[in-house]
Amino acid sequence: EELARLPHVAAVGSQMLAHLSPLSRATSVATRVADRAEAEHASFHEHGTFSAVWLLVGFVATGILGSVRAILTPILWAFFIVMGLAPLADLVEAAVLCLSAAACGKRDFVYAPAASRPPVSDSEAEGEPDENFEEGEEGSEECAGGVSCSHAGFARIVAVLVVISVFVGSAALFCVMVYRSALHMQQSWPHYERGAGTIRTRTEAWMATLPDRVLQKLTSEALAGMEEVLSSLAGGILETTTSTIVQLLWLFLYTVFWLCQPMYIGKKISDVFRRYIFLKGLASAGYAFCIWILLHALGVDLAIVFGLITFVLNFIPEIGPFISMMLPLPVILFDDRMQNPLQCMLLALVGQMLLKVVWGNIVEIKLIESQQEMRMHPVIILFFVAFFQSIWGATGMLLSVPIVAALKATLHKIPPAYRDPILIFLEGDESAPARWKKWRGTLQKTDSILAQME
């Protein structure tokens, strides 16, 4: 009987298992959903805490950097100038050392930049003899490719003097050109007076059509604004002049000492700044040359001065070129030698905008944004220009792009979970992380090949 009952028991057991199977599957699915929700909650909490902490750090750092603006401004300008002048100083130093090595009969001379030379040991600094220093070789310590330290130091001083002389001479030449242009403009001042008289006559004829109440309101507001501007200028001229002299003195000292004794700041950061200055200077020179050609063809006074100003202001991303576009317009408008000043002013403005599109949006992008570290969306560039301008003024506007590019060059040290959103934000492109990984892979292969060659 028990054996006969076994099939019935097995059937009942299978039915019970059939009923329990969906329940167990539902329980496992619910468990997986709960685990996933818990993991997402933990991930959100972790990312939120991380973002909040770094946001707080950013706000605190911004306040600190803004409070020490007067201290940081000269050293930041000196850093920018040194990054541009250091390659020239190294070139001059290499030439001097090559001549010195040739004069001493050393044909195996290999130049080593000052920033990459090993520091002087404590024993050498204290004048203690080296263990491997043989008697009779006193004063022949070698520190730069077989050239004595005294020769290397002398060559560095000569290189710094040459570079500083060239830099100061270029600045003096710019000031002389501005002064001579001002004298030329003073000689042509009657033309501008007549042009201003013509504009005044037209303005008075137009204002005569306005109601007396509106005219009186416009006049009173203009006079009040002019009085406020003049009072603020009169009060700040002395303070600004004194502060500028002190800042220029600190700038000169920082630049000279930094060039004489280069300070190691990281190869990647220095490479980013130097490439940016070189490529931006190249694009700015071409753009300024075309602006000079355009204004000279239109017969505008001070065309070469406006070209030089365009070269300088073009280093301020996006905003500087538009400021330089506005500067020639009053000169064109008040010059009575122009047969159609409004038409000429419109041609100058449109021509400068077209040149800005060509050089700023095509040539400069091809030069600068071909570097992965410097690839950024124009809106992001404007944001960082405004952000650093609020902290450091014009200095921040000048250094905004290379600072962000240098920070972007260090993103490989950040985990991909945090790096990828930053790259998408900076470049405004969803494919930015994949492009970054490809670039990093190419860079690592190149570094490994160079290491094997060495």
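Along the sequence shown, the residues carry numbers beginning at 1.
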Checklist outcome for this item: Note: Ala159 and Ala89 closest approach over all heavy atoms is CB-O, 3.4 Å
Next on the checklist: Determine whether a donor-acceptor pair (N or O, by modelled atom type, separation under 3.5 Å) exists between the side chain of Asn340 and the backbone of Leu342.
Outcome noted: no
Next on the checklist: Pair Trp292, Leu308 - check side chain to side chain contact (heavy atoms under 4.5 Å, CB included), show working.
Outcome noted: CA-CA 8 Å; Trp292 170 62; Leu308 292 173; over 6 Å; no
Checklist entry - Judged by atom type as modelled, is there a donor-acceptor pair below 3.5 Å linking the side chain of Lys280 to the main-chain atoms of Asn314? => result yes
Checklist entry - Out of Leu173, Val166, Val168, which residue meets the side chain to side chain contact (heavy atoms under 4.5 Å, CB included) rule with Ser170? => result Val166
Checklist entry - What pair of heavy atoms forms the shortest contact from Met345 to Ile332, and how long is it? => result N-CG2, 3.7 Å
Checklist entry - Would you say Lys408's side chain and Arg375's backbone share a donor-acceptor pair under 3.5 angstrom? => result yes
Checklist entry - Looking only at heavy atoms, which two atoms of Ile391 and Gly66 are closest? And how far apart? => result CG2-N, 3.7 Å
Checklist entry - Would a 4.5 Å heavy-atom cut-off, applied to side chains only, mark Ser324 and Phe306 as touching? => result no
Item to check | Residues Leu329, Leu333; criterion side chain to side chain contact (heavy atoms under 4.5 Å, CB included); working and verdict | outcome: CA-CA 6 Å; Leu329 302 186; Leu333 187 61; over 6 Å; no
Next on the checklist: Between His377 and Leu426, does the side chain to side chain contact (heavy atoms under 4.5 Å, CB included) criterion hold? Intermediate values first, please.
Outcome noted: CA-CA 6 Å; His377 195 275; Leu426 291 177; over 6 Å; no
Item to check | Shortest non-hydrogen contact between Phe311 and Gly281, atoms and distance | outcome: CE1-O, 3.6 Å
Next on the checklist: Quick one, Met376 and Glu427 - any side-chain contact, counting heavy atoms below 4.5 Å?
Outcome noted: no
Item to check | Side-chain touch Ile380/Phe384, heavy atoms, less than 4.5 angstrom | outcome: yes
Item to check | Nearest heavy atoms of Ile424 and Pro433, plus distance in Å | outcome: CG1-CD, 3.8 Å
Next on the checklist: Ignoring hydrogens, what is the shortest heavy-atom contact between Pro402 and Val272? Give both atom names and the distance.
Outcome noted: O-CG1, 4.3 Å
Item to check | Nearest-0.5 Å distance, CG of residue Leu302 to NE2 of residue His296 | outcome: 13.0 Å
Checklist entry - When rounded to the nearest 0.5 angstrom, what is the spacing between CG in Leu253 and CG in Leu248? => result 11.0 Å
Next on the checklist: Contact between Met374 and Val404 at the side-chain level, heavy atoms closer than 4.5 Å - yes or no?
Outcome noted: no
Item to check | Nearest-0.5 Å distance, OG1 of residue Thr310 to CZ of residue Phe289 | outcome: 13.5 Å
Checklist entry - Thr395 and Trp77: side-chain donor and acceptor closer than 3.5 Å? => result yes
Item to check | Distance (rounded to the nearest 0.5 Å) between Ile81 CD1 and Thr255 OG1 | outcome: 4.5 Å
Next on the checklist: With heavy-atom distances below 4.5 Å as the criterion, would you say the side chains of Ile309 and Phe174 are in contact?
Outcome noted: yes
Checklist entry - Is Arg440 atom CZ crowded by more than 12 heavy atoms from other residues, nucleotides or ligands, each under 6.0 Å away? => result yes
Checklist entry - Hey, what's the ring geometry for Trp439 with Trp436, parallel, tilted or perpendicular (30° and 60° as the breaks)? => result tilted
Checklist entry - With a 4.5 Å heavy-atom cut-off, do Cys290 and Trp359 have their side chains touching? => result yes
Next on the checklist: Other residues, nucleotides and ligands only: do more than 12 of their heavy atoms fall within 6.0 Å of CD1 on Ile71?
Outcome noted: no
Next on the checklist: Side chains of Arg69 and Leu65, heavy atoms from C-beta outward: is any pair under 4.5 Å?
Outcome noted: no
Checklist entry - Quick check, are the ring centers of Phe273 and Phe79 under 6.0 angstrom apart? => result yes
Checklist entry - To the nearest 0.5 Å, what is the distance between SG (Cys344) and CG (Leu295)? => result 8.5 Å
Item to check | Backbone N/O of Leu259 and side chain of Arg156: donor-acceptor pair under 3.5 Å | outcome: yes
Next on the checklist: Using side-chain heavy atoms (C-beta onward) and a distance below 4.5 Å, is Trp392 in contact with Leu76?
Outcome noted: yes
Checklist entry - Are Thr73 and Trp250 close enough, and set up right, to give a side chain to side chain contact (heavy atoms under 4.5 Å, CB included), and what steps lead you there? => result CA-CA 10 Å; Thr73 297; Trp250 280 112; over 6 Å; no
Checklist entry - More than 12 heavy atoms of other residues, nucleotides or ligands under 6.0 Å from CZ of Phe167: is that the case? => result no
Checklist entry - Got more than 12 heavy atoms from elsewhere within 6.0 Å of CZ, Phe257? => result no
Item to check | Value rounded to 0.5 Å, distance of CG in Leu279 from CZ in Arg274 | outcome: 14.0 Å
Item to check | salt_bridge(Arg435, Asp429) N-O dist < 4.0 Å | outcome: yes
